[in-house]
Amino acid sequence: EGLADPARVCIIGNGYGGYAALEGATTPGAYPCAASLGGISDIGDYVSWVKGKRPLPDPDKIASLTADAQWPRAFSPDPGSVSIVTGYLGDPAGWAGLSPRNQIADIQLPVLLVHQTNDSAVPVRQSKQMRDALQAAGKAVTYVELPGSDHELATEETRLATAEAVLNFLKTYNPAN
């Protein structure tokens with residue numbers, strides 16, 4: 001519609017959206033830059049972490065989801081549903097291929113990683129490990145850690161710090177002029 005220059009649209013997301021932004025970064029030429037806010041970079045590591053915090057059902061038994069009263073913004077499988085999930089999600093061996101941390105060679109654009117130290121939904125090590133892998137490969141990465149803040153960016157201070165990190169990143173890697 002001519003509202004934006006497609007060659008200048010960076011991908012950004014929080015939580016799962018952060019994972020999606022990192023996955024988008026692995027698609028050559030799709031975006032000039034990517035920003036992950038509290039995103040997952042290694043699915044297997046994330047699943048292991050979650051299993052240590054609460055039991056997960058067998059992925060093959062997930063068909064429809066229902067709200068999980070113990071975890072805000074989370075879902076559990078409906079035990080009465082019929083299994084319809086197949087492929088990578090049901091096969092932990094496939095998680096490596098879906099993890100951005102294992103696709104570093106495909107990332108040819110600058111990446112911003114912002115993570116909150118008190119994130120109870122995604123451990124901060126997800127962003128630290130992604131940062132380390134990008135740095136080891138000589139890729140452009142900016143890492144911002146927000147001490148004491150949570151996954152929901154609940155305070156004005158946290159939201160402002162996140163917005164400033166994103167704006168500074170965009171000024172550097174996708175300036176307005």
Side-chain angles (χ1 to χ4, degrees), residues 6-66 68 71 73-79 81-117 119-145 151 165-166 169 173-174:
R8 299 195 60 239
V9 175
C10 289
I11 186 169
I12 182 172
N14 185 35
Y16 170 78
Y19 163 78
L22 292 173
E23 269 300 301
T26 69
T27 306
Y31 305 97
C33 56
S36 171
L37 314 176
I40 297 167
S41 66
D42 184 319
I43 297 170
D45 179 68
Y46 174 74
V47 169
S48 294
W49 177 81
V50 171
K51 282 183 177 180
K53 298 186 100 22
R54 70 177 176 135
L56 281 182
D58 180 343
D60 289 331
K61 294 185 178 163
I62 299 173
S64 62
L65 299 175
T66 181
D68 185 333
W71 284 66
R73 300 175 60 199
F75 295 90
S76 294
D78 179 351
S81 67
V82 177
S83 176
I84 61 170
V85 176
T86 59
Y88 280 114
L89 293 177
D91 179 9
W95 293 341
L98 295 173
S99 296
R101 191 160 67 103
N102 297 325
Q103 301 176 61
I104 297 297
D106 295 332
I107 298 176
Q108 303 300 322
L109 51 84
V111 174
L112 169 65
L113 302 167
V114 178
H115 215 113
Q116 306 75 16
T117 59
D119 191 330
S120 63
V122 178
V124 69
R125 75 173 180 240
Q126 289 282 315
S127 288
K128 287 180 176 181
Q129 291 171 347
M130 186 69 181
R131 173 203 62 199
D132 294 348
L134 287 164
Q135 286 176 340
K139 307 289 180 163
V141 60
T142 303
Y143 179 77
V144 176
E145 191 168 284
H151 188 73
V166 170
F169 178 75
Y173 293 107
N174 194 20

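No hydrogens, no waters, no symmetry mates; every other heavy atom, side chains included, goes into these values.
- Remark: R131 engages no residue in a salt bridge (charged side-chain N to carboxylate O under 4.0 Å, His left out) (not counting sequence neighbours).
- Taking A165 as the reference, V114, V144 meet the side-chain contact (heavy atoms from CB on, under 4.5 Å) condition, with sequence neighbours excluded.
- A donor-acceptor contact shorter than 3.5 Å is absent between the side chain of S41 and the backbone of S127.
- Shown here are the side-chain contact (heavy atoms from CB on, under 4.5 Å) partners of A140, two or more places apart in sequence or in another chain: P110, Y173.
- For E145, the side chain to side chain donor-acceptor pair (under 3.5 Å) partners at least two apart in sequence or on another chain are Y143.
- With sequence neighbours excluded, the residues forming a side-chain contact (heavy atoms from CB on, under 4.5 Å) with D119 are H115, Q116, A121, V122, H151, listed by chain and number.
- Side chains of V166 and L37 form a contact here, defined as non-hydrogen atoms less than 4.5 Å apart.
- If you take CH2 on W95 and CG on D45, they are separated by 11.0 Å, rounding to the nearest 0.5 Å.
- The backbone N or O of A21 lies less than 3.5 Å from no partner atom in the side chain of S36, so there is not a single donor-acceptor pair.
- When side chains are defined from C-beta on, M130 counts as touching I104, because their heavy atoms get closer than 4.5 Å.
- The OG1 atom of T142 sits 5.5 Å away from the CZ atom of F169 when rounded to the nearest 0.5 Å.
- In this structure the side chain of Y19 never reaches within 4.5 angstrom of the side chain of S99, judged on heavy atoms.
- Separation of atoms CG (L134) and CD (Q129) is listed at 12.0 Å; rounding is to 0.5 Å.
- Note that the CG atom of L109 and the CD1 atom of I11 stand 9.5 Å from one another [nearest 0.5 Å].
- Put simply, the side chain of L22 does not reach to within 4.5 Å of the side chain of Q126, judged on heavy atoms.
- Here salt bridge (Lys or Arg N to Asp or Glu O under 4.0 Å) pairs that include residues 92-106, with residues two or more places apart or in two chains, are D42-R101.
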